[in-house]
2 protein chains.
Amino acid sequence: MKPNIKDIARLAGVSPTTVSRVMNNRGYISEKTRKKVNQAMKELNYFPNELARSLYHQRTRFIGLIFPTISNPFFGELVFHIENICASMGYKVLLCNSLDRVDKERSYLEMLQRNQVDGIIVGAHNRHISEYQSIDLPIVAIDRYLSERIPVVASDNFQGGILATRWLIDQGCRHIIHINGPRKLETPANRRRDGYERTIEEHGRIPLTYEIPKSLIYHENVKTVRKIFAERPEVDGIFASDDLLAATVISEAKKCHKPDLKVVGYDGTETVRICLPQLTTIKQPIHEIAETAVQLLVAQKNNEMTDRKKEIILPVELVEGRVQAGPNNIEDS
Amino acid sequence: MKPNIKDIARLAGVSPTTVSRVMNNRGYISEKTRKKVNQAMKELNYFPNELARSLYHQRTRFIGLIFPTISNPFFGELVFHIENICASMGYKVLLCNSLDRVDKERSYLEMLQRNQVDGIIVGAHNRHISEYQSIDLPIVAIDRYLSERIPVVASDNFQGGILATRWLIDQGCRHIIHINGPRKLETPANRRRDGYERTIEEHGRIPLTYEIPKSLIYHENVKTVRKIFAERPEVDGIFASDDLLAATVISEAKKCHKPDLKVVGYDGTETVRICLPQLTTIKQPIHEIAETAVQLLVAQKNNEMTDRKKEIILPVELVEGRVQAGPNNIEDS
DNA sequence: TTTTTTGTGTCAACGGGTTGACATATGAAA
DNA sequence: TTTCATATGTCAACCCGTTGACACAAAAAA
């Protein structure tokens, strides 16, 4: 069996209280005793039971993370940064991939509460989960409205939509289409569409947005892109609401011999920048989003939220694709 | 304050023992009582404290995951699958990004033990962490040797190296170079190199492997690739030890006007398949790796490991890049 | 010498739920 | 009528570490 504090006390020849005092640096302890205790802990390969401590202190330092899927490089990088920041502050991270399924999100939410997490960061996309209102815990949402009470961190989706659309116009595109994920009303990401439509209209044109029926399913993207090419052969510019979708547009465009199609994506993850440096995209400040989310969570914990804004919008940046070498491009391999 | 079992008992007009019996379905309980209790739990928004239960049962259903970084799409997808499988079995996942740093890996290891995880899955890459030998817990390593006792799950790296090299030879390449991550001896991934060198030698040629000094740093990849192009302008085939490296090779090749360079990567993640469908790669069975790792962990927990193999190698597959449309390729955008 | 600081021990309660032992009280079957 | 299955309560111990109260020394400072 695993050793406990009594075993350490016995081996060190002191009382359990003294061991506890050594571990928590409380009261007076002589160097000699401290050494004896540490020695005993090493000898028995002892690790203090954090469960027991958490139980007593009513605080676990667990943070729950609910995201659709860290397979997606945007969420992967975001969660990576969040975990890093949490770790540096002594928090531990419980990872949940909800797959945008209501049932999964619900049961994760219950699980996190049963496990007494100190807070939750949610980046998933289901609505109609009323549970959020009754949770008596610090929560921060990323790019998502959950309830009145819950602060939201998002990139400047509206501005992103504008930048993307303007760039396409500047490139000389005449027929610019926007492709968006399934419409989840009241999701900040829909403001990308607003930015696009506004900009198009400002140029006296008519916006056209295609929606993908189900997200997280690659094939749905392909289907939608093909549909667009079939229905709108005149298209010469596409603003895709995320980089993977943009990548799909590009590869379908190659298949369909549309060398002049211009594409802008959204997210600007490292991974996609490496794989598709030629892609122009709206770069989200992923690290800042992570940092802000954790800060807001901690602020809630310390009841410092009175004056804080409930919605924090971080600036985006258009990153132009690096132009590749001329006509002697690499085809395959 | 959060309600506890006594609050529920009081409200339902029963004893705490009865509440516990309802929650755990033990002994005799009448429908009436069950309803009263459940009603009370709902009313007070009660969630049983899993910490207390875990403390008593000496089992948390926490699984620790230590990986270099889920920013990398391979680890991202792997961890995604692992989390999914764990969740379906009632396990919860504590995520750790070690960044391949010894100090981080050590402190995560300690943290996981303090938090009484039921097992650990390690996919990180540091050696010289002797702690693993003294951990009295089910552990599974992915693509990494940790100690005698610890089973390893890996893709067939050797075969992958062979397939990749053969494909390049079949494509007519005369000067094939291999690029590998920093040499961590006794890591199964080094067998990719063995497969490459063996195959090259079998064809009567001389293998040439370049090593990247530090991994996880994109710029190191670029530097190495440029160095290769400078030192070996005759190169016409490259086997890169992972897809992001292969992507770097491709984009650098474009910059350097090497349209005929053939490249093979390794991993075959969804993300890279979407971003770079033209890339030929060795596809790891990511889902199977995840499943096997979890199974081995559970098997250890149930002491069913006596007969099991200590190293499980899963087959890989060469996935040819989809040839893109002819010369009228998309350059930028 | 007296007072203070330092060092350690004992003890019990606590956090929240679990479980076995045992008592008791119905209602139903034998 | 006896016996048994059903239903619930009380009680204490347990999981493991924390903490406050209090006692008692020994060493250092006043």
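Naming: A, B, ... by sequence-line order, numbering from 1 per chain.
Counting non-hydrogen atoms under 4.0 angstrom, B:V14 reaches the backbone sugars and phosphates but no base. Looking at heavy-atom distances under 4.0 Å, B:R21 makes contact with a base. Using a 4.0 Å heavy-atom cutoff across all strands shown, A:S30 reaches sugar-phosphate atoms only and no base atom.
The nearest heavy atom of DNA chain C to A:K32 and to A:T17 marks one nucleotide each, and the one closer to the 5' end goes with A:K32.
Spacing between atom CG of B:N115 and atom C1' of D:dC16 amounts to 14 Å, rounded to whole angstrom units. Rounded to whole Å, the distance from CD1 on A:I29 to C1' on D:dT19 is 14 Å. Atom pair B:Q113:CD and D:dG17:C1' shows a separation of 18 Å (rounding to whole Å applied).
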Verdict with supporting geometry, B:F62 and A:F62, ring-ring contact (aromatic ring centres under 6.0 Å, His included): CA-CA 12 Å; B:F62 284 140; A:F62 285 140; 5.3 Å; yes
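Ion pair A:D103/A:R106 not flagged as a salt bridge, since none of the NZ, NE, NH1 or NH2 atoms sits closer than 4.0 Å to an Asp/Glu carboxylate oxygen. Salt bridge annotation for A:K2-B:D136: absent, with no cationic side-chain nitrogen under 4.0 angstrom from a carboxylate oxygen. A salt bridge does not link B:E105 with B:R101: none of the charged nitrogens is closer than 4.0 Å to a carboxylate oxygen.
Distances shown here put a side-chain N or O of A:R26 below 4.0 Å from the OP1 or OP2 atom of D:dT19.
In summary, contact between chain B and DNA chain C, defined as any nucleotide atom under 4.0 Å from a heavy atom of the protein, begins and ends at C:dG16 to C:dG20 in the 5' to 3' direction.
Applying the side-chain contact (heavy atoms from CB on, under 4.5 Å) test between A:V294 and each of A:N84, A:I63, A:I85 identifies A:I85 as the sole match.
We find the CD-CD1 distance between A:Q300 and A:I120 to be 10.5 Å, quoted to the nearest 0.5 Å.
Taking the six-membered ring where tryptophan is involved, the planes of A:F67 and A:F75 are tilted, since the angle between them lies from 30° to 60°.
DNA chain D is contacted by A:A52, A:R53, A:Y56, A:H57 of residues 51-58 of chain A, taking any non-hydrogen atom closer than 4.0 Å.
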Protein-to-nucleotide contact annotation, 5' to 3' order, nucleotides 23-30 of chain D [B base; S sugar-phosphate only; - none; under 4.0 Å, heavy atom]: --------
